[in-house]
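Below: one structure, written as structure tokens.
Protein chains get the first letters and strands the later ones, always in sequence-line order, with residue 1 at the start of each.
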2 protein chains.
Amino acid sequence: MTLTPYFNNQNSSVRKLCAGCDQCNERSPLFHPLNRDELSLINKDRYSVRFHEGEVILKQGTQATYYVSIVEGFAKIYIEGHLDRRLILDFVRPWKLVGGPGVYLNEKYRYSMVAVRETLVCFIQAENFKKVLALNSQFSDRFIILCSYNYSRALERMVGLSQKQMHGRIADALIYLSEEIYGQSTIGAEISRQDIADYTSMSKDSAIRILKELERDAIIHLEGHTIQILDSRRLHDISVKG
Amino acid sequence: MTLTPYFNNQNSSVRKLCAGCDQCNERSPLFHPLNRDELSLINKDRYSVRFHEGEVILKQGTQATYYVSIVEGFAKIYIEGHLDRRLILDFVRPWKLVGGPGVYLNEKYRYSMVAVRETLVCFIQAENFKKVLALNSQFSDRFIILCSYNYSRALERMVGLSQKQMHGRIADALIYLSEEIYGQSTIGAEISRQDIADYTSMSKDSAIRILKELERDAIIHLEGHTIQILDSRRLHDISVKG
DNA sequence: AAATAAAACTGATTTGAGTCAATGATTTTA
DNA sequence: TAAAATCATTGACTCAAATCAGTTTTATTT
């Protein structure tokens, strides 16, 4: 059995840390349509691994043989682009399936993922995953929905990154983080200024400048590393106006 | 039967212009795995329409109920972004399936498509398409591959657009056009300077400037509206160096 | 073929955003 | 707990790229 280098060398933490896919079945809508046999096929070569803060879960460029499902914790996904610049694609919380187009195409991972804090992930062998896709059309339907959603989001970000200027992009990032990731008006201290810069594709200095400016205008409040959205309406306004 | 506005008003050209899906079956690898029954299901509510140069085939924001397959001709796909700026996603030639994530999600089209020259397209009802996806796992496998490819390309472009500067982006555009779309060193006169600007997300003036510069350096040759790649190696070099 | 419209080009100017350099604040480590 | 390291912040400067204002060329129309 081949393992990706990123958990092959960590035997101590390679343990079956969750009871089985039955749990995930209940929590992740994607796996809902699967019956016992299909679940056990996915369960067969599954592994769960606990990662510490800052540890690499997936590395861009390595052979993409596993999908990854976040079971608990918090991670970020980014592309290592030109001149070592990062572009953060997503922050991910439990029950999200990650792996990207590379896994399905049996190629290399197109992005890296690192744990933002202690994170438990489940590695699902792509081959088994594909077999189950062929067996269960309701499952493949949901998987296509997931792919469509990813693609759709990529298109939206493509436009945002290439056509909006800094204020608009920062507004987008803050809206994304507060509404999609945190589900509340306060963005946690795990998110650094550099992260925001990497998400919005600008220099850290510029990101800080804009954040400070938004604070001066009473649209956000900065306290240490946390960011609190004070005026969501104006933030959306800035996002739209670019 | 509901039709998209874009061919509802053109009764004169609403004709069954191709014999049936049997042809497409042979030409488009995506449809290869389909049997007679599945093809006829797709064939049932199918329409083919001929569009003139400049005519809108799909309009961003309208209800996405059809996939579109290019049968003959040449078209371009673009997103209408902020402040009426366009971002060209792709140029498309025959046997490419277009529609984007919107169709599968039963939402709105996320982009527009216009004919670059006389183009024959086939509209395939999304509902039937989905039914066939559920029936034939080999077909859905190929469809997922297509989705993965689209997503993958979107990620790559996201990085290019946000991290490369003008020279690198122009190089990317020229490589894409000559290698992927034209399959030869000469890019046709259908591609305007504005198109190249819209593909690379820069002003037309800047695009022209860089092209002229590349001509001065004997990397390309400009003759009227056509662009000939003279030194592909150096162009790839510029693309990589950003 | 002249008139008009649409693209393609070019130089001058402005500006958005990156870089650099230095300082302050916080966290981690020895 | 002091030292080191990391992260946040700010102002000054630079540069890439957009805008503007024309001119030239190429299509289209009458």
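One interatomic measurement links the two molecules: CZ of B:Arg193 to C1' of C:dA8, which rounds to 7 Å at whole-angstrom precision. To the nearest angstrom, C1' of D:dC7 lies 14 Å from CG of A:Leu211. Residue A:Ile227 contributes atom CD1, which lies 14 Å from atom C1' of D:dC7 at whole-angstrom precision. Distance A:Lys241 NZ to C:dG16 P: 16 Å, rounded to the nearest Å. Atom-to-atom, CG of B:Leu222 to P of C:dA8 comes out at 11 Å; the value is rounded to the nearest Å. Between the C1' atom of C:dT10 and the CD atom of B:Glu213 lies a distance of 13 Å, rounded to the nearest Å. Atom-to-atom, CG of B:Asp198 to P of D:dA18 comes out at 12 Å; the value is rounded to the nearest Å.
Annotation: cation-pi pair B:Arg46/B:Tyr66 absent, no NZ/CZ under 6.0 Å from the ring centroid and within 45° of its normal. Note that B:Arg153 lies outside the cation-pi zone of A:Tyr151, set by a 6.0 Å cut-off to the ring centre and a 45° limit from the axis. Cation-pi contact between A:Arg86 and A:Tyr78: present, with separation from the ring centre below 6.0 Å and deviation from the ring axis of at most 45°.
The phosphate of C:dG18 (OP1 or OP2) has a side-chain N or O of A:Ser206 nearer than 4.0 angstrom. Contact annotation: A:Gln165 side-chain N/O to C:dA17 OP1/OP2 distance is under 4.0 Å.
With B:Lys76 as the partner, the salt bridge (Lys or Arg N to Asp or Glu O under 4.0 Å) test is satisfied by one option alone out of B:Asp90, B:Asp198, B:Asp195: B:Asp195.
Out of C:dT10, D:dA8, C:dA17, the shortest distance to the side chain of B:Ile208 is found at C:dT10. When each of C:dA8, D:dT9, D:dT19 is scored by its nearest atom to the side-chain atoms of B:Ser203, the top-ranked nucleotide is D:dT19. Nearest to the side chain of A:Met166, among D:dC7, C:dT10, C:dA17, sits C:dA17.
Nearest-nucleotide positions on DNA chain C for A:Asp205 and A:Lys164 put A:Lys164 closer to the 5' end. Of the two residues contacting DNA chain C, namely B:Lys204 and B:Arg209, the nearest-nucleotide position lying further toward the 5' end is that of B:Lys204.
Under a 3.5 Å cut-off, the side chain of A:Thr119 and the backbone N or O of A:Ala115 do not form any donor-acceptor pair.
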